[in-house]
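The structure under discussion appears below in the form of C-alpha coordinates.
The structure displayed is predicted, hence computed values, not measured ones.
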Protein chains: 2
Amino acid sequence: MSTSDKAPYHHGDLRRSLLDAASGILHRDGIGAVSLREVARAAGVSHNAPYRHFPSRDALLAGVAAEGFGRLRARLAAAGDDLAAMGEAYLAFAVAERPCFLLMFGSSLCKADFPDLASAALEALRALDRVASGRAASGGDACESRTIGPATLRAWAIVHGFAHLVADGQLSLEAASRALAADGTAP
Amino acid sequence: MSTSDKAPYHHGDLRRSLLDAASGILHRDGIGAVSLREVARAAGVSHNAPYRHFPSRDALLAGVAAEGFGRLRARLAAAGDDLAAMGEAYLAFAVAERPCFLLMFGSSLCKADFPDLASAALEALRALDRVASGRAASGGDACESRTIGPATLRAWAIVHGFAHLVADGQLSLEAASRALAADGTAP
DNA sequence: AGCAGAAGTTGGCAGTGTCAACATCCGACA
DNA sequence: TGTCGGATGTTGACACTGCCAACTTCTGCT
(Lines give C-alpha, C1' and ligand atoms only; values in the text may rest on other atoms or scores of the structure.)
Protein backbone atom coordinates (compact mmCIF):
# COMPACT_ATOMS: atom_id res chain seq x y z
CA MET A 1 0.00 0.00 0.00
CA SER A 2 3.01 2.22 0.21
CA THR A 3 5.33 1.05 -2.52
CA SER A 4 2.58 0.78 -5.08
CA ASP A 5 -0.48 2.97 -5.37
CA LYS A 6 -2.47 0.65 -7.51
CA ALA A 7 -3.28 -2.26 -5.22
CA PRO A 8 -1.13 -4.87 -6.94
CA TYR A 9 -2.48 -8.00 -8.57
CA HIS A 10 -3.11 -10.00 -5.49
CA HIS A 11 -1.09 -8.67 -2.70
CA GLY A 12 2.53 -8.65 -3.73
CA ASP A 13 4.07 -10.67 -0.99
CA LEU A 14 1.67 -12.03 1.49
CA ARG A 15 3.52 -14.74 3.41
CA ARG A 16 6.16 -12.08 4.12
CA SER A 17 3.42 -9.71 5.31
CA LEU A 18 1.84 -12.49 7.32
CA LEU A 19 5.10 -13.40 9.01
CA ASP A 20 5.75 -9.75 9.79
CA ALA A 21 2.25 -9.18 11.08
CA ALA A 22 2.42 -12.30 13.22
CA SER A 23 5.79 -11.31 14.58
CA GLY A 24 4.51 -7.86 15.39
CA ILE A 25 1.48 -9.12 17.24
CA LEU A 26 3.61 -11.72 19.00
CA HIS A 27 5.98 -9.12 20.40
CA ARG A 28 3.27 -6.62 21.19
CA ASP A 29 0.60 -8.79 22.77
CA GLY A 30 2.14 -12.18 23.40
CA ILE A 31 1.61 -15.51 21.78
CA GLY A 32 -1.95 -15.86 22.94
CA ALA A 33 -2.95 -12.92 20.79
CA VAL A 34 -1.54 -14.39 17.60
CA SER A 35 -4.61 -15.74 15.90
CA LEU A 36 -4.80 -16.52 12.23
CA ARG A 37 -7.68 -14.14 11.81
CA GLU A 38 -5.98 -11.31 13.66
CA VAL A 39 -2.88 -11.76 11.57
CA ALA A 40 -4.95 -11.73 8.40
CA ARG A 41 -6.67 -8.59 9.60
CA ALA A 42 -3.34 -6.92 10.29
CA ALA A 43 -2.14 -7.87 6.83
CA GLY A 44 -5.31 -6.50 5.32
CA VAL A 45 -6.59 -9.72 3.79
CA SER A 46 -9.54 -11.97 4.41
CA HIS A 47 -9.59 -14.43 7.27
CA ASN A 48 -8.81 -17.37 5.04
CA ALA A 49 -6.04 -15.95 2.90
CA PRO A 50 -3.28 -17.23 5.22
CA TYR A 51 -4.23 -20.78 4.32
CA ARG A 52 -2.78 -20.23 0.86
CA HIS A 53 0.62 -19.87 2.51
CA PHE A 54 0.44 -21.81 5.75
CA PRO A 55 -1.52 -25.01 6.26
CA SER A 56 -2.33 -24.19 9.88
CA ARG A 57 -1.85 -21.70 12.63
CA ASP A 58 0.99 -23.74 14.06
CA ALA A 59 2.71 -23.69 10.69
CA LEU A 60 2.60 -19.89 10.73
CA LEU A 61 4.01 -19.82 14.24
CA ALA A 62 6.67 -22.29 13.15
CA GLY A 63 7.62 -19.89 10.40
CA VAL A 64 7.91 -17.04 12.87
CA ALA A 65 9.97 -19.22 15.22
CA ALA A 66 12.26 -20.32 12.40
CA GLU A 67 13.00 -16.70 11.59
CA GLY A 68 13.68 -16.19 15.27
CA PHE A 69 16.30 -18.91 15.16
CA GLY A 70 17.80 -17.12 12.20
CA ARG A 71 18.18 -13.95 14.24
CA LEU A 72 19.56 -15.89 17.17
CA ARG A 73 22.11 -17.45 14.88
CA ALA A 74 23.12 -14.01 13.64
CA ARG A 75 23.62 -12.81 17.19
CA LEU A 76 25.71 -15.83 18.08
CA ALA A 77 27.78 -15.40 14.95
CA ALA A 78 28.32 -11.74 15.77
CA ALA A 79 29.77 -12.79 19.11
CA GLY A 80 32.70 -14.26 17.26
CA ASP A 81 34.57 -17.18 18.78
CA ASP A 82 34.22 -16.08 22.36
CA LEU A 83 32.10 -18.54 24.28
CA ALA A 84 31.33 -16.10 27.06
CA ALA A 85 30.22 -13.50 24.55
CA MET A 86 27.99 -16.05 22.94
CA GLY A 87 26.39 -16.77 26.27
CA GLU A 88 25.75 -13.07 26.72
CA ALA A 89 24.30 -12.89 23.22
CA TYR A 90 22.00 -15.81 23.92
CA LEU A 91 20.78 -14.15 27.08
CA ALA A 92 20.36 -10.82 25.36
CA PHE A 93 18.27 -12.44 22.69
CA ALA A 94 16.02 -14.07 25.26
CA VAL A 95 15.41 -10.65 26.79
CA ALA A 96 15.13 -8.58 23.64
CA GLU A 97 12.85 -11.06 21.93
CA ARG A 98 11.22 -12.63 24.92
CA PRO A 99 7.93 -13.61 23.27
CA CYS A 100 9.70 -15.07 20.28
CA PHE A 101 12.20 -16.86 22.49
CA LEU A 102 9.39 -18.42 24.45
CA LEU A 103 7.73 -19.45 21.22
CA MET A 104 10.95 -20.95 19.89
CA PHE A 105 11.65 -23.01 22.98
CA GLY A 106 8.15 -23.39 24.27
CA SER A 107 6.21 -26.58 24.09
CA SER A 108 3.47 -25.30 21.82
CA LEU A 109 5.38 -26.18 18.66
CA CYS A 110 6.44 -29.76 18.12
CA LYS A 111 9.62 -29.47 16.11
CA ALA A 112 9.09 -32.90 14.62
CA ASP A 113 6.07 -31.54 12.79
CA PHE A 114 8.04 -28.73 11.17
CA PRO A 115 11.33 -29.82 9.62
CA ASP A 116 12.21 -26.28 8.62
CA LEU A 117 11.91 -25.19 12.22
CA ALA A 118 14.02 -28.09 13.41
CA SER A 119 16.77 -27.37 10.93
CA ALA A 120 16.72 -23.66 11.70
CA ALA A 121 17.13 -24.51 15.37
CA LEU A 122 19.98 -26.88 14.69
CA GLU A 123 21.65 -24.34 12.47
CA ALA A 124 21.60 -21.76 15.24
CA LEU A 125 23.04 -24.17 17.77
CA ARG A 126 25.77 -25.23 15.41
CA ALA A 127 27.43 -21.87 15.89
CA LEU A 128 27.52 -22.53 19.60
CA ASP A 129 28.78 -26.02 18.95
CA ARG A 130 31.63 -24.92 16.74
CA VAL A 131 33.12 -22.80 19.47
CA ALA A 132 32.27 -24.96 22.45
CA SER A 133 33.62 -28.20 21.10
CA GLY A 134 36.63 -26.48 19.65
CA ARG A 135 37.23 -25.28 23.18
CA ALA A 136 36.77 -28.75 24.61
CA ALA A 137 40.07 -29.79 23.05
CA SER A 138 40.14 -33.06 24.90
CA GLY A 139 38.69 -36.27 23.52
CA GLY A 140 35.88 -36.12 21.04
CA ASP A 141 33.58 -39.02 21.57
CA ALA A 142 30.53 -37.69 19.85
CA CYS A 143 27.66 -37.57 22.23
CA GLU A 144 24.60 -39.54 21.29
CA SER A 145 23.00 -36.38 20.01
CA ARG A 146 25.39 -36.78 17.12
CA THR A 147 25.22 -33.28 15.75
CA ILE A 148 26.11 -31.53 18.96
CA GLY A 149 29.15 -32.18 21.09
CA PRO A 150 29.08 -32.81 24.84
CA ALA A 151 30.90 -29.59 25.70
CA THR A 152 28.26 -27.70 23.79
CA LEU A 153 25.57 -29.52 25.64
CA ARG A 154 26.88 -28.36 28.96
CA ALA A 155 27.36 -24.76 27.83
CA TRP A 156 24.00 -24.77 26.17
CA ALA A 157 22.21 -26.15 29.21
CA ILE A 158 23.66 -23.48 31.47
CA VAL A 159 22.93 -20.62 29.15
CA HIS A 160 19.55 -21.98 28.21
CA GLY A 161 18.63 -22.49 31.83
CA PHE A 162 19.50 -18.92 32.72
CA ALA A 163 17.72 -17.64 29.65
CA HIS A 164 14.55 -19.42 30.65
CA LEU A 165 14.74 -18.21 34.20
CA VAL A 166 15.17 -14.67 32.96
CA ALA A 167 12.43 -14.99 30.36
CA ASP A 168 10.11 -16.34 33.03
CA GLY A 169 10.84 -13.27 35.09
CA GLN A 170 12.26 -15.37 37.91
CA LEU A 171 15.65 -13.78 37.59
CA SER A 172 16.97 -10.43 36.44
CA LEU A 173 19.18 -10.20 33.41
CA GLU A 174 21.93 -8.70 35.53
CA ALA A 175 21.91 -11.52 38.05
CA ALA A 176 21.92 -14.13 35.32
CA SER A 177 24.63 -12.35 33.43
CA ARG A 178 26.76 -12.11 36.54
CA ALA A 179 26.20 -15.73 37.49
CA LEU A 180 26.94 -16.78 33.96
CA ALA A 181 30.22 -14.90 33.87
CA ALA A 182 31.24 -16.21 37.28
CA ASP A 183 30.20 -19.73 36.54
CA GLY A 184 32.75 -20.59 33.99
CA THR A 185 31.62 -20.97 30.49
CA ALA A 186 35.35 -20.38 30.66
CA PRO A 187 36.41 -22.83 33.39
CA MET B 1 -20.25 -41.77 41.51
CA SER B 2 -18.37 -44.57 43.18
CA THR B 3 -18.27 -43.66 46.84
CA SER B 4 -21.87 -42.60 46.96
CA ASP B 5 -24.75 -44.06 45.01
CA LYS B 6 -27.11 -41.25 45.57
CA ALA B 7 -25.70 -38.36 43.56
CA PRO B 8 -24.78 -36.12 46.48
CA TYR B 9 -26.21 -32.70 47.08
CA HIS B 10 -24.20 -30.74 44.66
CA HIS B 11 -21.15 -32.68 43.79
CA GLY B 12 -19.19 -33.30 46.93
CA ASP B 13 -15.86 -31.88 46.01
CA LEU B 14 -15.71 -30.30 42.65
CA ARG B 15 -12.56 -28.22 42.58
CA ARG B 16 -10.70 -31.42 43.57
CA SER B 17 -12.44 -33.27 40.74
CA LEU B 18 -11.73 -30.41 38.35
CA LEU B 19 -8.06 -30.34 39.25
CA ASP B 20 -7.83 -34.11 38.85
CA ALA B 21 -9.69 -34.08 35.56
CA ALA B 22 -7.55 -31.26 34.24
CA SER B 23 -4.40 -33.01 35.33
CA GLY B 24 -5.52 -36.21 33.67
CA ILE B 25 -6.31 -34.53 30.38
CA LEU B 26 -3.06 -32.57 30.59
CA HIS B 27 -0.95 -35.70 30.91
CA ARG B 28 -2.95 -37.68 28.40
CA ASP B 29 -3.45 -35.18 25.60
CA GLY B 30 -1.20 -32.22 26.33
CA ILE B 31 -1.96 -28.71 27.42
CA GLY B 32 -3.77 -27.78 24.24
CA ALA B 33 -6.48 -30.27 25.04
CA VAL B 34 -7.21 -28.82 28.46
CA SER B 35 -10.27 -26.74 27.83
CA LEU B 36 -12.61 -25.61 30.55
CA ARG B 37 -15.49 -27.33 28.83
CA GLU B 38 -13.63 -30.59 28.39
CA VAL B 39 -12.62 -30.57 32.03
CA ALA B 40 -16.18 -29.89 33.07
CA ARG B 41 -17.33 -32.74 30.86
CA ALA B 42 -14.77 -35.08 32.40
CA ALA B 43 -15.94 -34.08 35.86
CA GLY B 44 -19.53 -34.63 34.86
CA VAL B 45 -20.77 -31.10 35.38
CA SER B 46 -22.06 -28.36 33.16
CA HIS B 47 -19.71 -26.20 31.14
CA ASN B 48 -19.98 -23.31 33.53
CA ALA B 49 -19.64 -25.07 36.85
CA PRO B 50 -15.85 -24.59 36.96
CA TYR B 51 -16.39 -20.85 37.25
CA ARG B 52 -17.66 -21.37 40.79
CA HIS B 53 -14.16 -22.56 41.72
CA PHE B 54 -11.81 -20.91 39.25
CA PRO B 55 -12.29 -17.44 37.80
CA SER B 56 -10.75 -18.40 34.48
CA ARG B 57 -9.14 -21.18 32.51
CA ASP B 58 -5.71 -19.87 33.40
CA ALA B 59 -6.61 -19.98 37.07
CA LEU B 60 -7.45 -23.66 36.73
CA LEU B 61 -4.17 -24.31 34.97
CA ALA B 62 -2.40 -22.34 37.68
CA GLY B 63 -3.96 -24.64 40.24
CA VAL B 64 -2.74 -27.69 38.36
CA ALA B 65 0.72 -26.17 38.04
CA ALA B 66 0.84 -25.31 41.73
CA GLU B 67 0.12 -28.93 42.61
CA GLY B 68 2.87 -29.89 40.21
CA PHE B 69 5.30 -27.73 42.16
CA GLY B 70 4.14 -29.53 45.26
CA ARG B 71 5.07 -32.87 43.75
CA LEU B 72 8.39 -31.49 42.54
CA ARG B 73 9.11 -30.30 46.03
CA ALA B 74 8.35 -33.75 47.40
CA ARG B 75 10.77 -35.33 44.94
CA LEU B 76 13.49 -32.86 45.81
CA ALA B 77 12.91 -33.43 49.48
CA ALA B 78 13.10 -37.18 48.97
CA ALA B 79 16.52 -36.73 47.42
CA GLY B 80 17.82 -35.74 50.82
CA ASP B 81 20.76 -33.39 51.08
CA ASP B 82 22.59 -34.69 48.04
CA LEU B 83 22.77 -32.01 45.38
CA ALA B 84 23.48 -34.49 42.59
CA ALA B 85 20.52 -36.59 43.61
CA MET B 86 18.36 -33.50 43.58
CA GLY B 87 19.46 -32.77 40.05
CA GLU B 88 18.51 -36.28 39.06
CA ALA B 89 15.17 -35.88 40.78
CA TYR B 90 14.51 -32.63 38.95
CA LEU B 91 15.30 -34.26 35.65
CA ALA B 92 13.22 -37.29 36.47
CA PHE B 93 10.29 -35.07 37.27
CA ALA B 94 10.60 -33.25 33.96
CA VAL B 95 10.43 -36.59 32.18
CA ALA B 96 7.78 -38.29 34.27
CA GLU B 97 5.51 -35.26 34.27
CA ARG B 98 6.54 -33.67 31.04
CA PRO B 99 3.24 -31.93 30.24
CA CYS B 100 2.94 -30.60 33.76
CA PHE B 101 6.58 -29.54 33.80
CA LEU B 102 6.06 -27.61 30.58
CA LEU B 103 2.98 -26.01 32.05
CA MET B 104 4.81 -25.07 35.24
CA PHE B 105 7.74 -23.46 33.46
CA GLY B 106 6.05 -22.51 30.25
CA SER B 107 5.12 -19.00 29.34
CA SER B 108 1.38 -19.51 29.23
CA LEU B 109 0.98 -18.75 32.91
CA CYS B 110 2.14 -15.42 34.25
CA LYS B 111 3.15 -16.15 37.81
CA ALA B 112 2.52 -12.59 38.82
CA ASP B 113 -1.18 -13.16 38.20
CA PHE B 114 -1.34 -16.15 40.49
CA PRO B 115 0.31 -15.61 43.87
CA ASP B 116 -0.39 -19.17 44.97
CA LEU B 117 1.46 -20.46 41.96
CA ALA B 118 4.39 -18.17 42.62
CA SER B 119 4.66 -19.20 46.24
CA ALA B 120 4.36 -22.89 45.37
CA ALA B 121 7.20 -22.45 42.90
CA LEU B 122 9.34 -20.64 45.43
CA GLU B 123 8.62 -23.28 48.02
CA ALA B 124 9.84 -26.03 45.70
CA LEU B 125 13.02 -24.17 44.89
CA ARG B 126 13.73 -23.48 48.50
CA ALA B 127 14.58 -27.14 48.99
CA LEU B 128 17.16 -26.81 46.27
CA ASP B 129 18.39 -23.61 47.82
CA ARG B 130 18.84 -25.09 51.25
CA VAL B 131 21.28 -27.67 49.97
CA ALA B 132 23.00 -25.64 47.30
CA SER B 133 23.77 -22.62 49.41
CA GLY B 134 24.78 -24.83 52.31
CA ARG B 135 27.22 -26.34 49.89
CA ALA B 136 28.46 -22.99 48.73
CA ALA B 137 30.22 -22.50 52.06
CA SER B 138 32.14 -19.48 50.83
CA GLY B 139 30.85 -15.94 51.14
CA GLY B 140 27.18 -15.36 51.26
CA ASP B 141 26.32 -12.08 49.66
CA ALA B 142 22.69 -12.68 48.97
CA CYS B 143 22.00 -12.39 45.31
CA GLU B 144 19.47 -9.80 44.29
CA SER B 145 16.87 -12.51 44.02
CA ARG B 146 16.89 -12.34 47.78
CA THR B 147 15.22 -15.64 48.55
CA ILE B 148 17.58 -17.75 46.49
CA GLY B 149 21.34 -17.88 46.84
CA PRO B 150 23.79 -17.54 43.96
CA ALA B 151 25.04 -21.11 44.25
CA THR B 152 21.49 -22.30 43.91
CA LEU B 153 21.04 -20.12 40.89
CA ARG B 154 23.89 -21.77 39.10
CA ALA B 155 22.81 -25.29 40.01
CA TRP B 156 19.27 -24.48 39.13
CA ALA B 157 20.17 -23.01 35.76
CA ILE B 158 22.14 -26.09 34.77
CA VAL B 159 19.54 -28.55 35.89
CA HIS B 160 16.72 -26.47 34.52
CA GLY B 161 18.47 -26.08 31.19
CA PHE B 162 18.95 -29.81 30.84
CA ALA B 163 15.42 -30.47 31.94
CA HIS B 164 14.08 -28.17 29.26
CA LEU B 165 16.24 -29.68 26.58
CA VAL B 166 15.04 -33.13 27.56
CA ALA B 167 11.43 -32.06 27.81
CA ASP B 168 11.70 -30.48 24.37
CA GLY B 169 12.93 -33.78 23.05
CA GLN B 170 16.20 -32.25 21.96
CA LEU B 171 18.20 -34.46 24.28
CA SER B 172 17.75 -37.89 25.76
CA LEU B 173 17.38 -38.32 29.49
CA GLU B 174 20.49 -40.50 29.54
CA ALA B 175 22.66 -37.94 27.80
CA ALA B 176 21.43 -35.19 30.08
CA SER B 177 21.85 -37.31 33.14
CA ARG B 178 25.38 -38.22 32.13
CA ALA B 179 26.29 -34.65 31.30
CA LEU B 180 24.80 -33.48 34.54
CA ALA B 181 26.80 -35.97 36.57
CA ALA B 182 30.01 -35.18 34.71
CA ASP B 183 29.47 -31.47 34.82
CA GLY B 184 29.91 -30.92 38.45
CA THR B 185 26.92 -30.11 40.47
CA ALA B 186 29.76 -31.37 42.64
CA PRO B 187 32.67 -29.27 41.33
C1' DA C 1 -6.24 -15.81 -27.21
C1' DG C 2 -7.28 -18.74 -23.86
C1' DC C 3 -6.74 -21.78 -20.24
C1' DA C 4 -4.84 -24.30 -15.85
C1' DG C 5 -3.91 -23.12 -11.60
C1' DA C 6 -2.36 -20.03 -7.95
C1' DA C 7 -4.10 -16.45 -4.83
C1' DG C 8 -7.77 -14.38 -2.36
C1' DT C 9 -12.91 -14.11 -0.84
C1' DT C 10 -17.37 -15.34 1.21
C1' DG C 11 -19.94 -18.38 3.98
C1' DG C 12 -20.33 -21.83 7.24
C1' DC C 13 -19.40 -25.27 11.17
C1' DA C 14 -17.93 -26.92 15.54
C1' DG C 15 -15.54 -25.63 19.43
C1' DT C 16 -13.86 -22.29 22.90
C1' DG C 17 -13.86 -18.69 27.10
C1' DT C 18 -16.76 -15.82 29.43
C1' DC C 19 -20.98 -13.25 30.99
C1' DA C 20 -25.84 -13.08 32.72
C1' DA C 21 -29.92 -15.03 34.49
C1' DC C 22 -31.98 -18.82 36.61
C1' DA C 23 -32.58 -23.18 39.60
C1' DT C 24 -31.26 -25.89 43.56
C1' DC C 25 -29.70 -27.14 47.85
C1' DC C 26 -27.19 -26.52 52.47
C1' DG C 27 -26.65 -24.34 56.93
C1' DA C 28 -27.92 -20.92 60.12
C1' DC C 29 -31.04 -18.33 62.55
C1' DA C 30 -35.93 -17.18 64.06
C1' DT D 1 -39.63 -26.20 62.93
C1' DG D 2 -39.81 -23.24 59.21
C1' DT D 3 -37.73 -19.93 56.34
C1' DC D 4 -34.29 -17.39 54.11
C1' DG D 5 -29.39 -16.12 52.38
C1' DG D 6 -25.73 -17.53 49.96
C1' DA D 7 -22.96 -20.93 47.87
C1' DT D 8 -23.16 -24.21 44.13
C1' DG D 9 -24.54 -25.81 39.65
C1' DT D 10 -27.39 -25.11 35.06
C1' DT D 11 -29.10 -23.04 30.75
C1' DG D 12 -28.55 -19.81 27.27
C1' DA D 13 -26.15 -16.55 24.74
C1' DC D 14 -22.24 -13.82 22.50
C1' DA D 15 -17.98 -13.00 20.29
C1' DC D 16 -14.16 -15.27 18.87
C1' DT D 17 -11.31 -18.93 17.02
C1' DG D 18 -9.31 -22.69 13.53
C1' DC D 19 -10.54 -24.92 9.66
C1' DC D 20 -13.29 -26.69 5.47
C1' DA D 21 -15.77 -25.95 0.96
C1' DA D 22 -17.23 -23.39 -2.90
C1' DC D 23 -16.62 -19.40 -5.46
C1' DT D 24 -14.17 -15.43 -7.92
C1' DT D 25 -10.18 -13.11 -9.76
C1' DC D 26 -5.95 -12.68 -11.56
C1' DT D 27 -1.43 -14.54 -13.80
C1' DG D 28 1.95 -16.83 -16.48
C1' DC D 29 2.42 -20.12 -20.16
C1' DT D 30 1.38 -22.27 -24.39
Side-chain angles (χ1 to χ4, degrees), chain A residues 1 3-22 24-26 28-65 103 106-110 113-114, chain B residues 1 3-22 24-26 28-65 103 106-110 113-114:
Chain A
M1 52 177 84
T3 59
S4 134
D5 59 343
K6 218 187 170 334
Y9 359 81
H10 276 147
H11 179 106
D13 193 358
L14 238 179
R15 185 179 172 95
R16 187 67 281 167
S17 298
L18 291 172
L19 286 170
D20 290 343
I25 296 172
L26 174 65
R28 191 161 351 95
D29 304 315
I31 193 174
V34 183
S35 80
L36 231 24
R37 288 167 113 106
E38 187 63 33
V39 170
R41 229 168 275 139
V45 293
S46 79
H47 71 265
N48 255 344
Y51 281 97
R52 296 294 148 190
H53 299 271
F54 300 95
S56 70
R57 171 182 187 260
D58 279 356
L60 207 202
L61 290 179
V64 172
L103 171 66
S107 59
S108 45
L109 257 35
C110 175
D113 295 344
F114 304 100
Chain B
M1 52 179 83
T3 60
S4 136
D5 58 343
K6 221 186 165 336
Y9 4 78
H10 275 145
H11 178 107
D13 191 359
L14 238 178
R15 188 181 169 91
R16 189 67 288 189
S17 297
L18 291 172
L19 286 170
D20 289 344
I25 296 172
L26 173 66
R28 191 161 351 98
D29 304 315
I31 193 173
V34 182
S35 79
L36 229 26
R37 291 169 112 106
E38 187 63 33
V39 170
R41 229 167 274 140
V45 294
S46 79
H47 72 266
N48 253 345
Y51 280 96
R52 296 298 147 190
H53 299 271
F54 301 95
S56 71
R57 172 182 186 259
D58 280 356
L60 208 201
L61 291 179
V64 172
L103 170 67
S107 59
S108 44
L109 258 36
C110 174
D113 295 344
F114 304 100

Close residues, residues 28-39 of chain B, relative to DNA chain D [heavy-atom separation under 4.0 Å]: B:Arg37
Taking every non-hydrogen atom, the tightest pair across B:Ala40 and B:Ser46: CB-O, 3.4 Å
Sugar-phosphate, base or nothing in reach of A:Arg15, heavy atoms under 4.0 Å: nothing
Side chains of A:Phe54 and A:Leu19 in contact at under 4.5 Å (non-hydrogen atoms): yes
Residues within residues 47-62 of chain B bordering DNA chain C, heavy-atom distance below 4.0 Å: B:His47, B:Asn48, B:Tyr51, B:Arg52, B:Ser56, B:Arg57
Minimum side-chain heavy-atom gap B:Ile31-B:Ser108 below 4.5 Å: yes
Check: A:Leu103 and A:Leu26 side chains under 4.5 Å, non-hydrogen atoms: yes
Euclidean distance, atom CG of residue B:Asp13 to atom C1' of D:dG9 [Å, nearest integer]: 14 Å
4.5 Å side-chain heavy-atom contact, A:His53 and A:Leu14: yes
Which atom of B:Leu36 lies closest to which atom of B:Ser56, heavy atoms considered: CD2-C, 4.2 Å
Which atom of B:Leu18 lies closest to which atom of B:Pro50, heavy atoms considered: CD1-CA, 3.7 Å
Least distance between heavy atoms, B:Val34 atom then B:Ile25 atom: CG2-CG2, 4.0 Å
Whole-Å distance separating the CG atom of A:Leu18 from the P atom of C:dA7: 12 Å
